[in-house]
Every structure is written in structure tokens, then in C-alpha cells.
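As a basis for the values below, the full set of heavy atoms in this structure was taken, side chains included, without hydrogen atoms, waters or symmetry mates. Computed from a predicted model, the values in this text were never measured in an experiment.
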Amino acid sequence: PPSIRSALELSLRRLGLFTKDHSIEKIFIDLFSEQVAGLYDEQTRKLYVVTTFDLKTVLAKVILAHEVCHALQDQNYDLQKWPIKEIHNDDLAYAAASVLEGDATILMNEYLLRHLDPRQALRELPSMLLMSMAGQPQMQSAPYFLQQQMIFPYMTGQKFMMEAIRRGMRDQVLADRPLSTEQIMHPEKYFAAERDQPIRLQLDAADAKAPEGWKRRYHNVAGELGTRLFLETHFHIKAPDVAAGWGGDIYAVYGPEEGDVDESQYAFVWATRWDTPADAVEFRDAMRKVLTERLYKDAEVDEGDASAQWRLEQATACLKWKDRTVIYVDASDGELARRMSQALMESDRVAASPSRP
């Protein structure tokens, strides 16, 4: 939505995932114009197909089988109740999408094996491969994290649903869906007798420290997937291992109440909670490396026992840690960064409780 677009783009820039030349609107329009051949809309309960698509090809029939699966899911589980269009919790949205897309990807493979002539498939295989490799310039030029976010529900979601099928729980997963990408990436955390549920974090303490005339303009949850992609974007070689200790997080952008948010007046806050103190230390060390080598490369650095600070003329970053909590604040004003990070570190409401359906 236009109301959050500038704040979303600012958060991506401050994390080093976007450049000033990137436009989220243009990227999405370009990506979906290239990627979408058909879709099922749970609001209209209609199946749409791009008019240039040849419905007689193997590829078309396989894709339609995938989309018909979404119609079947909707008939049985009411997709309008699923958080697949949630804009303030990517972790929850991608977990839900992974169940739906993973299930549909498995069904389309089942359909391919059961109904289609293998000779036709072999004849069309070269053109299908050519389309997948050479016909996706927008996908190839998109920022790394967006590429991976688009692929994740299909590839990792399929692996998760294969595990559900192995356990005889394909329908049960659709009736009682996972609540985090962590559960999708580590199925044992979902299928355990006592699930590893994501911890819901609060930013009340940061809200209270926002300057007069400012407000929280945007917030979201990165999840294990988002945390891993952030570290991978900055070439951290242990990104999957570091992210695997994720317990919960929330990030937010603060700025003036009116107009677009930009680098002249902003505060970016990221509160994280980890499974163990050792996991928190791993993330703290990874953040220090990313800040020193990438995000604040030429900054003046001050390090203490439980905090560190990176200062540039136009911005300041504060990193604080204690037990299982790591707080990161990046702001256009150094005093504001210090004030917000300290308030969050002292707050007993940062880690509130495990999330519930």
C-alpha cells in the first residue's frame, strides 16, 4: 500500500537489501508480469489465466493443475482466513504460503505423472527449460532476498509438505497451519509434541521514545527466513547456522507523521529474541561483522561489554545484547538511537509470549 511504501523501502535500504535506485512497486510489477501465468483468486473464487498462454502445452496443464489445487484448498479450508496477504508479518505470511504452495506443487507433480503423455512432455522439455533459464530477466535482476522469498514457498514448502505426507498429516497441516518459516525450514519444530512457536515481540518502549511529531510508520517480522536472507545478502558464510537459533523478532521504521520517510529523519529498530544465550551471541557477532564490513564500513566504532556503537556523520547504529535478546537501532540522530536501544533493552515487554493461531 502507498501508505507504507516509503517506510518499507527505507527499512530495506537500511538493512542493505535495497539501493536508492530500487522501487518496490516497479520490482513487483515487473516480477509478476514476468512470472505469473495463471492464478486462483480466493476473493472472487475465480481462476485467471494469462491470455498469451497456450493451454494445450504440458507446462500449461501442469500450472493449471497447481492453481486448481488452490481452488480445492479454498473450498475445504477458506483461504480468506489465511494470512497470505498479511503486510506486517512476513514470517507468518510466508509460513502460510509455504503450506499452500508446497501442497499445490506436490499435486501438480502427481498430476503430471498420472495424466500426461510422457512423449509430449519430452518433446516440449527443451522449450520449457529454455523458458526457465533465459526467459526470466526480471527475476534474475531482482534483489537476492526477493528472489529467495519468491522461491521459498514452492521449494521449501514442498519439502515440508512431503514430510507431512510421510507422517500421514497432509490434511491436518492445512487445518492447523505452521506459524513461522522456522517451522517450515525445520519440520521437527512443527511436528513435535510441544511445538517451537514463534515469540511475539513488543516495541512499546521504542514507541514511547519517538520524538514529538513522529510515529511508527511501518513494522514487520523477518523470521528465520528473513534473518538468514539478510545475512546471506551480506555474504555471511554461517548465515543458515546463525539464523537457526531464531526465536522471534520485530523490526520497525519511525519517522515524521506526514509525508514520505527518508534518510534525513528516521529510526530503524530491530528487536530479536533467540533460543539460547549462545544463539544470541552468534547473531550479535554476525551483526557486528555485517555492520563493520558492510553497513557502517567507514564508521567510528565504540565497543563495550554489552553494547557497541557505529557513528557516521549522517547516521548512528547501536547494538545491545543481554541473555537471549539482541537489540539493533539505526537512526539519523545518534542520541535517538541510543535512547531507543536502551529503552528496549530495559523493557520487560520486548519478549511477550509465544504466538498463538
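- Note on I84 and M155: same hydrophobic cluster, where clusters join Ile, Leu, Val, Met, Phe, Trp and Tyr whose side-chain heavy atoms are under 4.5 Å apart, directly or indirectly.
- Follow the hydrophobic side-chain contacts under 4.5 Å out from L295 and you reach V253 in the same cluster.
- Inspection of the N220 and Y218 side chains reveals an N or O donor paired with an N or O acceptor under 3.5 Å.
- Residues M108 and L112 are not in side-chain contact: their nearest non-hydrogen atoms beyond the backbone lie 4.5 Å or more apart.
- Taking the centre of each ring, Y328 and W310 stay at or above the 6.0 Å mark.
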Please list every donor-acceptor pair under 3.5 Å in which a side-chain atom of residues 8-18 meets a protein atom from a residue at least two apart or in another chain.
from: E9; atom 1: OE2; to: I24; atom 2: N; distance (Å): 2.8
from: S11; atom 1: OG; to: L8; atom 2: O; distance (Å): 2.6
from: R13; atom 1: NE; to: E263; atom 2: OE2; distance (Å): 2.8
from: R13; atom 1: NH2; to: E263; atom 2: OE1; distance (Å): 3.1
from: R13; atom 1: NH2; to: E263; atom 2: OE2; distance (Å): 3.4
from: R14; atom 1: NE; to: Y266; atom 2: OH; distance (Å): 3.1
from: R14; atom 1: NE; to: D330; atom 2: OD2; distance (Å): 2.7
from: R14; atom 1: NH2; to: Y266; atom 2: OH; distance (Å): 3.0
from: R14; atom 1: NH2; to: D330; atom 2: OD1; distance (Å): 3.3
from: R14; atom 1: NH2; to: D330; atom 2: OD2; distance (Å): 3.4

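- Between D241 and K238 there is no salt bridge, since no side-chain N of the basic residue sits under 4.0 Å from a carboxylate O of the acidic one.
- With hydrogens and angles ignored, the 3.5 Å screen pairs a side-chain donor or acceptor of D279 with a backbone N or O of T276.
- Here the OG atom belonging to S98 is positioned 9.5 Å from the CE atom belonging to M185, to the nearest 0.5 angstrom.
- R5 has no carboxylate O lying under 4.0 Å from a charged side-chain N of D260, or vice versa, which leaves the two without a salt bridge.
- For A205 against S347, the heavy-atom pair with the smallest separation is CB-CB, 3.7 Å.
- Rounding to the nearest 0.5 angstrom, the gap separating the CZ atom in F28 from the CE atom in M150 is 8.0 Å.
- Here the side chains of R228 and T181 are not in contact, with every heavy-atom distance at 4.5 Å or above.
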Test log, rule salt bridge (charged side-chain N to carboxylate O under 4.0 Å, His left out), inputs E303 and R288: CA-CA 10 Å; E303 298 201 51; R288 288 162 83 169; 2.3 Å; yes
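- Geometrically, R324 does not engage W274 in a cation-pi contact, judged by NZ or CZ lying under 6.0 Å from the ring centre and within 45° of the ring axis.
- The backbone N or O of K289 lies less than 3.5 Å from no partner atom in the side chain of T292, so there is not a single donor-acceptor pair.
- Other residues, nucleotides and ligands contribute over 12 non-hydrogen atoms within 6.0 Å of the CE atom of M169.
- Although no hydrogens or angles enter the test, the distance criterion places a donor-acceptor pair under 3.5 Å between the side chain of R195 and the main chain of Y190.
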Full working for side-chain contact (heavy atoms from CB on, under 4.5 Å) between V290 and L231: CA-CA 8 Å; V290 169; L231 294 173; 4.1 Å; yes
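- Pairing each heavy atom of L55 with each of K61, the nearest pair is O-CG, 3.9 Å.
- The hydrophobic clustering, which links ILVMFWY residues whose side-chain heavy atoms are closer than 4.5 Å, places L319 and V281 apart.
- The side-chain heavy atoms of R273 and D249, taken from C-beta on, include no pair separated by under 4.5 Å.
- Salt bridge E163/K159: absent, no basic N to carboxylate O contact under 4.0 Å.
- By the 6.0 Å contact criterion, NZ on K209 is open, its count of non-hydrogen atoms from other residues, nucleotides or ligands being 12 or less.
- Looking at I165 and I106, their side chains come closer than 4.5 Å, going by heavy atoms from C-beta outward.
- Between F191 and F160, a ring centre-to-centre spacing shorter than 6.0 Å is recorded.
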side-chain contact (heavy atoms from CB on, under 4.5 Å) evaluation trace for F145 with F230: CA-CA 7 Å; F145 86 98; F230 162 72; over 6 Å; no
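- Judged purely by distance below 3.5 Å, without hydrogens or angles, the side chains of W246 and D275 never pair a donor atom with an acceptor atom.
- Taking CD from Q75 and CD from E42, the interatomic distance works out to 13.5 Å, rounded to the nearest 0.5 Å.
- Residue I237 places its CD1 atom among 12 or fewer non-hydrogen atoms of other residues, nucleotides or ligands, all under 6.0 Å distant.
- Remark: R311 engages E300 in a salt bridge, criterion side-chain N to carboxylate O under 4.0 Å.
- Under the 4.0 Å criterion applied to side-chain N and carboxylate O atoms, R170 and E110 are assigned as salt-bridge partners.
- Nearest heavy atom pair, residue V173 against residue A164, reads CG2-CB, 3.7 Å.
- Formation of a donor-acceptor pair under 3.5 Å by the Q147 side chain with backbone atoms of A142 is found in this model.
- Once rounded to the nearest 0.5 Å, the distance linking CG of D90 with CD of Q149 reads 5.5 Å.
- Side-chain contact, D207 with Y254: a donor N or O sits under 3.5 Å from an acceptor N or O.
- Taking a cutoff of 4.0 Å between a charged side-chain nitrogen and a carboxylate oxygen, R45 and D74 qualify as a salt bridge.
- A donor and an acceptor atom, one from each side chain of S264 and D262, are located under 3.5 Å apart.
- Residues L100 and L174 are in side-chain contact: their nearest non-hydrogen atoms beyond the backbone lie under 4.5 Å apart.
- Using a 4.5 Å cut-off on side-chain heavy atoms (C-beta onward), E232 and P240 make contact.
- Residues Q342 and R338 are not in side-chain contact: their nearest non-hydrogen atoms beyond the backbone lie 4.5 Å or more apart.
- With hydrogens and angles ignored, the 3.5 Å screen pairs no side-chain donor or acceptor of S332 with any backbone N or O of A315.
- In terms of heavy-atom proximity, P153 sits nearest to E101 at O-CB, 3.6 Å.
- Put simply, the side chain of T57 gets close to the backbone of D54: a donor and an acceptor are under 3.5 Å apart.
- Counting only N and O atoms by type, the side chains of Q197 and Q183 include a donor and acceptor under 3.5 Å apart.
- Between D196 and E182 there is a side-chain heavy-atom pair separated by less than 4.5 Å.
- Taking Q43 as the reference, D41, Q80, K85 meet the side chain to side chain contact (heavy atoms under 4.5 Å, CB included) condition, with sequence neighbours excluded.
- Proximity of a side-chain donor or acceptor of D333 to a complementary backbone N or O of E335 within less than 3.5 Å is detected.
- Residues I63 and L107 do not share a hydrophobic cluster, defined by chaining ILVMFWY side chains whose heavy atoms lie under 4.5 Å apart.
- Hydrophobic clustering keeps Y154 apart from Y40 (ILVMFWY residues linked when any side-chain heavy atoms are closer than 4.5 Å, directly or through intermediates).
- In this structure, D176 contributes its side chain and Q172 its backbone to no donor-acceptor pair below 3.5 Å.
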Derivation of the side-chain contact (heavy atoms from CB on, under 4.5 Å) call for V99 and W82: CA-CA 11 Å; V99 171; W82 285 56; 4.0 Å; yes
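- To the nearest 0.5 Å, the span separating CG on N89 from OG on S180 amounts to 9.5 Å.
- The main-chain N or O of V261 is found under 3.5 Å from a side-chain atom of S6 such that the two form a donor-acceptor pair.
- Without hydrogens or angle criteria, T233 side chain to L229 main chain gives a donor-acceptor distance under 3.5 Å.
- A distance of 10.0 Å separates CD1 in I250 from NE2 in H88, rounded to the nearest 0.5 Å.
- If you check the side chains of H234 and E293, you find no donor sitting under 3.5 Å from an acceptor.
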